[in-house]
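Note sheet for the following structure.
Numbers for residues simply follow the sequence, beginning at 1.
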Amino acid sequence: MMPQPTNDRLLRALRRQPVDVTPVWLMRQAGRYLPEYRKVREQVGSFMDLCRTPELACEVTLQPLRRFPLDAAILFSDILTIPDAMGLGVSFVEGEGPRLAHPVRSIRDIDALGVPDPDRDLGYVMGAVRLIRHELGGRVPLIGFSGSPWTLATYLLEGGSSRDFRLTKTFLYEHRSHCHRMLQVLANAVSAYLVAQVHAGAQALMIFDTWGGILTPRDYRAFSLAYMQQIVQNVKAYDASVPIILFTKGGAAWLEAMTDTGCDALSLDWTTDIGVARTRVGERVALQGNLDPLVLYASPAVIRAEVSELLASFGPGSGHVFNLGHGLQPDMPIDHVAALVEAVHDLSPIYHQ
């Protein structure tokens, strides 16, 4: 039996239970802004090799916790591990981002897609989860994650990153039924992947729907939200106690619909006022976020003021996990990250009395 975290603020906040201070963790808290990460990255070679080596994935997961009193660890991995396990040949080109050697270009390619076995084909991720839980020793909870089916589908169709998602949108409009078939395979894969992470020791989960915001309202509900709801139901059927966070970048219009999935929390980007979001969803879910990441280029005094304003916008009571509206950037000053974490812990107790 793995130990429960001595600092369980994150889990309590996600369940909207009382906490002493607002918990804080940061998207991409393990990564290139840390010199110790860059050192490991230089030693290992490729980014995917780093992800595939449990001992190194564990090391970079723990690095930010040695610097900052964060309230959670998040598994160091990538959302494209599933496409890679499907045999699509994921690689990362410095300065260009991910590339798929075998993108989906035809209906035949969709027919060839299969659901990876998480223990066989993605065993390195499960090995990292188990090792991180062991090394954490119950200090803080561990968050596991996956990309959403729709977000994964954009990479399958584009073959990498995109500015306009022309290939993805064209395929969607021309082949709606085949797009649903692909998304169902991806939903099955994500469900199995996240259940396996929970089995290995993840104590909370986050689904990153990074590109859901590019869809029309009709298509968001049909091609993104519906499949995330399936995943929430599948994971909850395995373990109803594991909190699940949904994040759709650009998803402000759909907060109520996202809440209806049965998730435990919504992560907000910086374009949504968290106080307004709280009014809209009530006490049905917790809220995570949502400081503009670029605030971290400003001075520590400005960072503290912005943290104060965001905490005040959410207001008193439980159900807030402080985070950024998106991830840390590689050139963000380390002392500014420290100032953010310190400000959250210093300024939030008055909201929990």
Practice prompt. Check the angle between the aromatic planes of Tyr33 and Phe68 and answer parallel, tilted or perpendicular using the 30° and 60° thresholds.
Written response: parallel

Using the rule that Ile, Leu, Val, Met, Phe, Trp and Tyr join whenever any side-chain heavy atoms are under 4.5 Å apart, tell me whether [X] and [Y] fall into a single cluster.
| X | Y | answer |
| --- | --- | --- |
| Leu296 | Ile334 | yes |
| Val60 | Leu131 | no |
| Tyr124 | Leu50 | yes |
| Trp270 | Phe208 | no |
| Tyr155 | Phe47 | yes |

For a quick test of reading the model, state the closest non-hydrogen atom pair linking [X] to [Y] and the distance between them.
| X | Y | value |
| --- | --- | --- |
| Arg139 | Thr6 | O-OG1, 3.5 Å |
| Ala257 | Leu225 | CB-CD2, 3.6 Å |
| Met258 | Gly251 | SD-O, 4.2 Å |
| Val321 | Ala13 | CG2-CB, 3.9 Å |
| Ala73 | Leu136 | CB-CD1, 4.1 Å |
| Thr61 | Phe76 | OG1-N, 3.0 Å |

[X] vs [Y] side-chain heavy atoms within contact, under 4.5 Å:
| X | Y | result |
| --- | --- | --- |
| Ile74 | Trp25 | yes |
| Lys39 | Glu36 | no |
| Phe322 | Gln288 | no |
| Val281 | Leu287 | yes |
| Val337 | Pro333 | no |
| Tyr297 | His336 | no |
| Met27 | Met206 | yes |
| Leu75 | Val125 | yes |

State whether the side chain of [X] and the backbone N or O of [Y] hold a donor-acceptor pair below 3.5 Å, judged by distance alone.
| X | Y | result |
| --- | --- | --- |
| Asp269 | Gly250 | yes |
| Ser161 | Gly97 | no |
| Asp273 | Val276 | yes |
| Ser308 | Arg304 | no |
| Thr151 | Ser148 | no |
| Asp109 | Arg105 | yes |
| Gln203 | Val242 | no |

Fill in: Of Leu14, Leu246, Val235, the residue whose pairing with Cys263 passes side-chain contact (heavy atoms from CB on, under 4.5 Å)
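Answer after filtering Leu14, Leu246, Val235: Leu246.
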
Can you tell me how far [atom2] of [Y] sits from [atom1] of [X], rounded to the nearest 0.5 angstrom?
| X | Y | atom1 | atom2 | value |
| --- | --- | --- | --- | --- |
| Thr210 | His326 | OG1 | NE2 | 5.0 Å |
| Leu291 | Leu311 | CG | CG | 9.5 Å |
| Arg41 | Leu34 | CZ | CG | 14.5 Å |
| Leu310 | Thr22 | CG | OG1 | 9.5 Å |
| Arg15 | Asp8 | CZ | CG | 8.5 Å |
| Met86 | Asp121 | CE | CG | 10.0 Å |

What I want to check is whether the side chains of [X] and [Y] have a donor and an acceptor closer together than 3.5 Å.
| X | Y | result |
| --- | --- | --- |
| Gln230 | Asn234 | no |
| His320 | Tyr351 | no |
| Asn323 | Asn290 | no |
| Thr261 | Gln229 | no |
| Tyr238 | Ser191 | no |
| Gln63 | Gln29 | no |
| Gln17 | Ser318 | no |
| Asp71 | His345 | yes |

Practice prompt. Test salt bridge (charged side-chain N to carboxylate O under 4.0 Å, His left out) on Glu59 and Arg66 and set out the steps.
Written response: CA-CA 11 Å; Glu59 165 60 21; Arg66 298 182 187 126; 2.9 Å; yes

Practice prompt. Let me see the working for Lys236 and Asp264 under salt bridge (charged side-chain N to carboxylate O under 4.0 Å, His left out), right down to the final yes or no.
Written response: CA-CA 11 Å; Lys236 291 291 187 181; Asp264 300 275; 2.6 Å; yes

Item to complete: Would you check, one step at a time, whether the test side chain to side chain contact (heavy atoms under 4.5 Å, CB included) holds for Ile244 with Leu194?
Response: CA-CA 10 Å; Ile244 302 175; Leu194 291 178; over 6 Å; no

Discussion item. Between Glu283 and Arg16, does the salt bridge (charged side-chain N to carboxylate O under 4.0 Å, His left out) criterion hold? Intermediate values first, please.
Written reply: CA-CA 8 Å; Glu283 300 303 314; Arg16 302 179 305 287; 5.3 Å; no

Worksheet item: Listed by chain and number, what are the salt bridge (Lys or Arg N to Asp or Glu O under 4.0 Å) partners of Asp219, not counting sequence neighbours?
Response: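 Partners of Asp219 by the salt bridge (Lys or Arg N to Asp or Glu O under 4.0 Å) criterion, ordered by chain and then number, come out as Arg176.
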
Worksheet item: For Arg166, what residues pass the salt bridge (Lys or Arg N to Asp or Glu O under 4.0 Å) criterion, not counting sequence neighbours?
Response: none

Using the test ring pair (Phe, Tyr, Trp, His ring centres under 6.0 Å), find all partners of [X] that sit at least two apart in sequence or belong to another chain.
| X | answer |
| --- | --- |
| Phe165 | Trp211 |
| His180 | Phe223, Tyr227 |
| Tyr193 | none |

Item to complete: Could you list the residues that satisfy side-chain contact (heavy atoms from CB on, under 4.5 Å) with Ser91, not counting sequence neighbours?
Response: Arg99

Item to complete: Kindly determine whether Arg12 and Asp20 satisfy side chain to side chain contact (heavy atoms under 4.5 Å, CB included), including the steps that lead there.
Response: CA-CA 10 Å; Arg12 294 182 64 82; Asp20 55 339; over 6 Å; no

Worksheet item: Is it true that Asp164 and Lys169 have a side-chain N and a carboxylate O under 4.0 angstrom from each other?
Response: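 Salt bridge: no.
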
Worksheet entry | Arg108 atom CZ, over 12 foreign heavy atoms within 6.0 Å | no

